Amino acid sequence: MSNLDSLDTIVSLAKARGFIFQSSEIYGGLSAVYDYGPLGVELKRNIQNIWWKDMTQRHENIVGVDAAVFMHPKVWEASGHIEGFNDPMIDDKQSKKRYRADMLIEDCILNLAKDGKKEKAAEIQELLNTSGTRKNLAKDLYDIIIENEIKAPDSGAFDWTEVRQFNLMFKTAFGATSSEDDGVYLRPETAQGIFVNYKNILDTSRVSVPFGIAQTGKAFRNEVVARQFVFRMREFEQMEMQYFVEPGTDSNAYALWKKKRLSWHKSIGIREENLRFSDHPKDKLAHYALAAVDVQYKFPIGWQEVEGIHNRSDFDLTQHQKLSGKKLDYFDQKNNKRYVPYVIETSIGLDRCILMVLCDAYREEEVNGEKRTVLKMHPELAPIQVGVFPLVKKSGLQEVARKIEAELIEHYSVRYDETGSIGKRYRRLDEAGTPFCITVDFDTIETDNKVTIRYRDDMSQERIPLNKIAYAIKEGIKDWKPS
RNA sequence: GCGGGCGUAACUCAAUUGGUAGAGUGUCAGCCUUCCAAGCUGAAUGUUGCCGGUUCGAACCCGGUCGCCCGCUCCA
């Protein structure tokens, strides 16, 4: 992390420079939803394009897919999201603590059993097992807690709120005349779009195990607590790759992708000391995972997950096989074997990645007693890669600068600027993260045919011939290292 | 979702605390300017988040609501 101690500075800069705005701001904003402005959308696309190239085009055995946000409701039954995303919660009004209602009851049953009250325990267990069959799940659980006077474990109080269901999936009406029953969910993860297309791709794309399917796209989660700028949003974008391997080789593949993904983060210019792995302890793994590790970044708000690498085993394909009734196994012709592949997942939050890039690039420096704010991001990511200026607003210089702009624009994202002083223009683009500026002066047109190239990171300048501009930028991008 | 804090221009903030809003930065225009936020002149932008109440009068007090921050909780 740089000299940031909270996200506030980044939030302000992101707004002031047009990276990220809060959604529907003129109406007071919509909680935990954000929009990308002119610079933000460029940055986002750059990251996405680099990821796509690195994860698909650079691997002959990884192909892409772009599945719809809407999916058959059965998908979420199979994936376990209907069950797992639906926790009945209850609050102790005294201590303000929240508990899972079913867990409270289970604890109570355990305690009763321990005290030798086996009959009572069995009775409550039966009520718990059949909960959801009387009124509804929430009400049934609430009734059990009230009737058996289950007290809050921490405060000992018996002062509960209602049991509430926290369904973290968004539901929407599907079809113009739809009723409650044919609602569909907005996908809470993009992964399932890959699993349900696994067979299509296997049948049509001449891939063989081990192979991967990659996808980027929006996912939606109705987070109980959605906070911290774009770190945890209700609508966010994932970049995922599911790698299908032969069972037994999954541990190796997991280790391989773990390594590959960390080096990807370094390759987009994130400083190594701000990255680390965080393994999920075995007892905290998700319902589908055999192993899981987070790639974490040292945000101003602490070490937080940017990407997850999971061994999803054959959970998803087996589940879809079961619920769809379609065979989803793989026949290995060479070894004459049939199996359901294991899946190694790499799943990165694009919005988190953008936040990471902004945080890691952000610097405040002192230059001649003045503060200089600069985003030292990788030149490939920069929303504006090259600034082109006439030194002063004079004809002669302007025409040459416009010509340079026209040439560079075919290969780079370029911004022409002739307003204000030259220093102001440099600093303005420093805040946008622009790595190179080209300035045309009177020597250019009168004597040497050279321009000044000014580098963002150390503010150094060089005189280079007009016909070497493209080359200098190319080299500058190639040689770039985070500083 | 609960508790606490906060919400004034695009950004950062001020307003003698009830007497109807200002500064710096930024933006735009003009002049000037031969390399690091220079200078000069001028301009635009606010129903003080929103709605209601109290009051002769509300940015300020009260209620509601929306949003943000911190903590709790949750985290597939």
Side-chain angles (χ1 to χ4, degrees), chain A residues 6-9 11-18 21-33 37 76 79-87 89-100 154 161-162 164-166 168-169 188-189 191-192 219 221-229 232 280 284-289 292 294 301 304-305 308 310 312 315 345 347 365 367-374 389-394 397 418-431 437-446 451-456 459-463:
Chain A
S6 82
L7 285 176
D8 292 352
T9 315
V11 175
S12 297
L13 178 81
K15 182 173 181 192
R17 289 286 138 188
F21 307 120
Q22 191 177 18
S23 166
S24 319
E25 199 188 295
I26 60 169
Y27 288 104
L30 186 62
S31 174
V33 185
W76 307 113
S79 69
H81 284 85
I82 301 241
E83 192 84 3
F85 263 52
N86 215 341
D87 296 336
M89 306 298 290
I90 190 166
D91 290 1
D92 171 14
K93 289 185 195 164
Q94 307 259 306
S95 66
K96 308 291 179 198
K97 289 210 182 253
R98 170 173 296 165
Y99 304 92
R100 278 207 17 208
D154 295 283
T161 62
E162 296 285 302
R164 280 166 305 198
Q165 296 275 97
F166 284 79
L168 298 188
M169 282 198 290
E189 63 173 21
Q192 298 305 325
R221 296 182 191 180
N222 214 348
E223 300 281 354
V224 178
V225 177
R227 244 179 232 165
Q228 270 137 359
F229 199 38
R232 182 170 284 113
H280 290 206
K284 292 219 165 161
L285 290 174
H287 60 274
Y288 55 72
D294 292 341
I301 51 175
Q304 299 282 351
E305 174 188 1
H310 295 207
R312 292 184 81 126
F315 175 85
E345 167 186 86
S347 174
E365 296 175 349
V367 179
N368 300 330
E370 298 261 354
K371 194 176 90 175
R372 173 191 184 232
T373 302
V374 54
F389 317 136
L391 182 58
V392 292
K393 209 193 290 183
K394 285 269 162 62
L397 303 186
E418 59 178 29
T419 63
S421 70
I422 186 72
K424 201 174 199 172
R425 283 176 265 163
Y426 285 149
R427 297 299 177 82
R428 188 153 43 198
L429 285 188
D430 283 342
E431 271 192 23
C437 291
I438 306 293
T439 301
V440 176
D441 59 25
F442 289 101
D443 288 341
T444 310
I445 55 174
E446 285 164 8
V451 294
T452 302
I453 180 165
R454 181 265 194 187
Y455 296 94
R456 172 197 67 199
M459 304 198 304
S460 64
Q461 303 188 346
E462 252 180 278
R463 292 289 290 178

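Order of the sequence lines sets the chain letters (A, B, ...), proteins ahead of strands, with each chain counted from 1. Since this is a predicted model, take the numbers as computed values, not measurements.
- Distances shown here put every side-chain N or O of A:Arg428 at or beyond 4.0 Å from the OP1 or OP2 atom of B:C36.
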What's the verdict on salt bridge (charged side-chain N to carboxylate O under 4.0 Å, His left out) for A:Arg427 and A:Glu365, showing C-alpha distance, side-chain angles and the deciding distance?
-> CA-CA 12 Å; A:Arg427 297 299 177 82; A:Glu365 296 175 349; over 6 Å; no

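- Taking atom C1' on both nucleotides, B:A43 is separated from B:A10 by 16 Å, rounded to a whole Å.
- Applying the 4.0 Å criterion to OP1 and OP2 of B:C11, one finds that A:Lys15 has a side-chain N or O inside that range.
- Atom CZ of A:Phe442 and atom C1' of B:U33 are 10 Å apart (whole Å).
- Along RNA chain B, the nucleotide closest to A:Asp441 and the one closest to A:Asp8 are compared, and the more 5′ of them pairs with A:Asp441.
- B:C56 is paired with B:G19 under the Watson-Crick or G-U wobble criterion, all donor-acceptor distances under 3.5 Å.
- The shortest distance between the side-chain N/O atoms of A:Gln22 and the OP1/OP2 oxygens of B:C68 is below 4.0 Å.
- A distance of 8.0 Å separates CZ of A:Arg232 from CD1 of A:Ile301, quoted to the nearest 0.5 Å.
- A donor and an acceptor atom sit less than 3.5 Å apart, one in the side chain of A:Arg454 and one in the base of B:C36.
- Summarising the base pairing, B:G1 is matched to B:C72 through a Watson-Crick or G-U wobble pair whose two defining distances lie under 3.5 Å.
- From A:Arg221, atom CZ reaches atom NE2 of A:His81 across 6.5 Å, with rounding to the nearest 0.5 Å.
- Using atom C1' as the reference point in both B:A14 and B:G1, the two lie 36 Å apart (nearest Å).
- B:U33 is unpaired under the Watson-Crick or G-U wobble criterion, no partner having all donor-acceptor distances under 3.5 Å.
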Step by step, would you call A:Glu462 with A:Tyr455 a side-chain hydrogen bond (donor to acceptor under 3.5 Å, both in side chains)?
-> CA-CA 9 Å; A:Glu462 252 180 278; A:Tyr455 296 94; 3.2 Å; yes

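- Put simply, the side chain of A:Arg427 and the base of B:C36 share a donor and an acceptor less than 3.5 Å apart.
- With 3.5 Å as the limit, one finds no donor-acceptor pair spanning the side chains of A:Thr439 and A:Arg454.
- No donor-acceptor contact under 3.5 Å links the side chain of A:Tyr27 to the base of B:C66.
- Taking a pair to require two hydrogen-bonding distances under 3.5 Å in either a Watson-Crick or a G-U wobble arrangement, B:U27 pairs with B:A43.
- Nucleotide B:A37 holds its P atom 11 Å from the CG atom of A:Asp430, rounded to whole Å.
- The CG atom of A:Leu30 sits 7.5 Å away from atom CD of A:Gln22, with the distance rounded to the nearest 0.5 Å.
- Taking side-chain N and O atoms only, A:Ser421 has no distance below 4.0 Å to OP1 or OP2 of B:U33.
- Contacts of A:Gln228 with the nucleic acid, taken as non-hydrogen atoms under 4.0 Å apart, involve only primed sugar atoms and P, OP1 or OP2.
- Comparing the same atom, P, in B:C40 and in B:U25 gives a spacing of 10 Å after rounding to whole Å.
- The shortest distance between the side-chain N/O atoms of A:Ser31 and the OP1/OP2 oxygens of B:C68 is below 4.0 Å.
- Side-chain to base pairing of A:Glu370 with B:A38: no donor and acceptor N or O lie closer than 3.5 Å to each other.
- When each of A:Ile26 and A:Val367 is assigned the nucleotide of RNA chain B with its nearest heavy atom, A:Val367 is the one assigned upstream, toward the 5' end.
- Pairing for B:A38 is absent, judged as Watson-Crick or G-U wobble with the two contacts each under 3.5 Å.
- Between the side chain of A:Thr452 and the base of B:C35, a donor-acceptor pair under 3.5 Å is found.
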